[in-house]
Peer 1: 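The structure is given below, and queries will be raised subsequently.
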2 protein chains.
Amino acid sequence: MAINNNNSDNSLPESVVPEVVIQRLPLYVRVLTQFSSAGEEVISSEQLGTRLQMTPAQIRKDLSYFGRFGKQGRGYNISMLEEKLRTILGLDRTWNAAVIGMGRLGRAVVSYPGFAPEGFNILAAFDASDEIVGQTISGLQVESISQLSQSVIDHDIKIGIVTVPIDHAQEVIDALVEAGIKSILNYAPLSPQVPEGVTVRGIDPVLSLQSMTYYIK
Amino acid sequence: MAINNNNSDNSLPESVVPEVVIQRLPLYVRVLTQFSSAGEEVISSEQLGTRLQMTPAQIRKDLSYFGRFGKQGRGYNISMLEEKLRTILGLDRTWNAAVIGMGRLGRAVVSYPGFAPEGFNILAAFDASDEIVGQTISGLQVESISQLSQSVIDHDIKIGIVTVPIDHAQEVIDALVEAGIKSILNYAPLSPQVPEGVTVRGIDPVLSLQSMTYYIK
DNA sequence: GAGACTTTGTGATACAAAGCACACAGTCGT
DNA sequence: ACGACTGTGTGCTTTGTATCACAAAGTCTC
């Protein structure tokens, strides 16, 4: 069967690989990194599955979308697999991001030390308020949102992180889309409308809590 | 994405409802609240679907797991449906939570103003470090983790929010489970191991970014 | 280097979720 | 108060995803 899944990006809009699979790959990368720095060299789908609480079969199937990385009777070479997965995901390079909304949440995001080590660099910060524009926060000079388009070009920004209050979130997202951004991380508590080809992921702790309470009872 | 475990064997009809459905209900509640405060009284599955970018059929199916809330030819009464859904989810009451880990992230979480209005009250804060225990942060006296079990009882805490560094996350989660907590919101970048009956939801912006980069290309 | 053992990669199968389509209940205009 | 509409609730179909199961490929031991 083996539909030939090369890494070369043809401009075909739809990928054959299910989105759920893509979302699991970073999980694999993370575990591989851990095992790797623990000095291990080889790992089986069984071990990966135990760690991630999923079946070995699912892991093998997921990986089989992209190639044949394992050796029968042995398992996967950890550093080789990690590198392959990073390349597939585009994690073999760095990505520039902008944060829009420099309130409490935006400040927490720009000063969060977890992005840079993973190759995500926040290079620009925006706000609508004249009070805040011009201030320097975590080493970033806050710009006016009207500068967005230009700044996206200047800094080669590929990712927008939205931390504005809910009532401005949709318009900020529209502006990001207008500026050519295709990947948005949205902290505002709404389901934004975006055109095809734009990926949005929401970070919403309240939503998570609200679905957990169903099970306490 | 995150691995969650649930299986409270209550043979109640509710245990039959797929977890994905439960996770969508808070979304419906949110939109209903918005429409309601915009003065609307009735909404159709079509309108809801447009707003949430899903098919009307899916919304009707989801709701049909819990009863018949709509009127043919008219739609759903907004405030009635909102109330029903809140009751189903257990959002018709407040829930007490504890935050464990009072570093940068934990401080941001306890001072985040988005939880209380939704009925989630953070009543206790914990840390392992002697430096921090005893301090007052956002009106909370930081306690030692050894106090956890007792504090869970004293404050009737039902939700644990984990904001410790990754290398202590599993042990903190174990301690929460040990203390009888069944719902955990995990900010640490790992897939924790928990026994059946405990629900964990992960908040992990890096993971979200890492799966988005696949699509920029 | 032969035979026992391990673990992959994948077709086939089973299961779960989403979407369709329509009978039926209720609404609205005249 | 009746006919044209509207929109729900749901059995059935389709699509999508996870799991099973096993041949093939490789490893390890003596």
Side-chain angles (χ1 to χ4, degrees), chain A residues 1-5 14-25 27-28 31-32 35 40-78 80-81 84-85 88 191 211, chain B residues 1-7 13-25 27-28 31-32 35 40-78 80-82 84-85 88 191 211:
Chain A
M1 163 161 304
I3 288 159
N4 180 4
N5 291 300
E14 235 126 18
S15 156
V16 231
V17 184
E19 171 140 356
V20 266
V21 173
I22 300 300
Q23 296 197 35
R24 281 193 292 263
L25 298 188
L27 245 28
Y28 303 156
V31 174
L32 290 168
F35 272 83
E40 303 288 324
E41 286 189 1
V42 172
I43 194 172
S44 66
S45 57
E46 178 84 35
Q47 289 173 282
L48 265 169
T50 304
R51 186 62 93 84
L52 291 167
Q53 311 219 111
M54 40 199 293
T55 65
Q58 180 164 68
I59 290 165
R60 295 201 301 274
K61 185 117 283 172
D62 283 358
L63 297 178
S64 78
Y65 281 104
F66 304 98
R68 309 169 53 141
F69 306 119
K71 271 207 178 104
Q72 281 94 331
R74 194 164 160 77
Y76 301 90
N77 177 297
I78 291 177
M80 181 276 257
L81 182 57
K84 294 279 190 189
L85 292 180
I88 290 162
S191 314
S211 65
Chain B
M1 91 156 159
I3 287 92
N4 356 350
N5 269 330
N6 175 286
N7 243 345
E14 282 138 306
S15 45
V16 159
V17 182
E19 170 140 355
V20 266
V21 173
I22 299 300
Q23 296 197 35
R24 281 194 292 264
L25 298 187
L27 244 30
Y28 302 156
V31 173
L32 289 169
F35 271 84
E40 303 287 325
E41 285 188 1
V42 172
I43 195 171
S44 66
S45 59
E46 178 83 35
Q47 290 173 283
L48 265 169
T50 303
R51 185 63 92 85
L52 291 168
Q53 311 220 104
M54 41 198 294
T55 63
Q58 180 165 66
I59 290 165
R60 295 201 300 275
K61 240 278 147 88
D62 283 358
L63 297 179
S64 78
Y65 281 103
F66 304 97
R68 309 169 53 138
F69 306 120
K71 271 206 178 106
Q72 280 95 332
R74 194 164 159 75
Y76 301 89
N77 177 298
I78 292 177
M80 181 276 256
L81 181 57
E82 184 188 340
K84 294 280 188 187
L85 292 180
I88 290 162
S191 312
S211 66

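Please read all numbers here as calculations on a predicted model, not as lab measurements.
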Peer 1: Let me know the distance between CG of B/Leu52 and C1' of C/dA18, rounded to the nearest Å.
Peer 2: 16 Å
Peer 1: Which letters describe nucleotides 21-30 of chain D, given B = protein heavy atom under 4.0 Å from base, S = only from sugar-phosphate, - = neither?
Peer 2: B--BBSSS--
Peer 1: Tell me: CD1 of A/Ile78 to P of C/dT7, nearest whole Å?
Peer 2: 13 Å
Peer 1: Quick check on D/dA18: is either OP1 or OP2 less than 4.0 Å from any side-chain nitrogen or oxygen of A/Thr55?
Peer 2: no
Peer 1: In this structure, how many angstroms lie between the P atom of D/dT17 and the CG atom of A/Leu63, rounded?
Peer 2: 17 Å
Peer 1: Rounding to an integer number of Å, can you tell me how far B/Tyr28 OH sits from D/dT8 P?
Peer 2: 13 Å
Peer 1: Do B/Arg74 and B/Val42 have side chains that approach each other closer than 4.5 Å (heavy atoms only, starting at C-beta)?
Peer 2: yes
Peer 1: When rounded to the nearest 0.5 angstrom, what distance separates CZ in B/Arg60 from CZ in B/Arg68?
Peer 2: 13.0 Å
Peer 1: Give a yes or no on whether a donor-acceptor pair under 3.5 Å exists between the nucleobase atoms of C/dT10, that is its base, and the side chain of A/Lys61.
Peer 2: no
Peer 1: If you round to the nearest 0.5 Å, how far is CE of A/Met80 from NZ of A/Lys71?
Peer 2: 7.5 Å
Peer 1: A/Ser45 side chain N/O closer than 4.0 Å to the phosphate oxygens (OP1, OP2) of C/dT8?
Peer 2: yes
Peer 1: If only atom types and distance count, is the side chain of B/Gln58 paired as donor or acceptor with the main-chain N or O of B/Thr55 below 3.5 Å?
Peer 2: no
Peer 1: What is the distance, rounded to the nearest whole Å, between atom CD of A/Gln58 and atom P of C/dC15?
Peer 2: 16 Å
Peer 1: Nearest-Å distance, CD (A/Glu46) to P (C/dG9)?
Peer 2: 15 Å
Peer 1: It should be established whether B/Tyr76 places a side-chain nitrogen or oxygen under 4.0 Å from OP1 or OP2 of nucleotide D/dT6.
Peer 2: no
Peer 1: Report yes if a side-chain nitrogen or oxygen of B/Arg24 is closer than 4.0 Å to either non-bridging phosphate oxygen (OP1 or OP2) of C/dA17; otherwise report no.
Peer 2: no
Peer 1: Take atom CD1 of B/Ile59 and atom P of C/dG19, then tell me their distance rounded to the nearest Å.
Peer 2: 10 Å
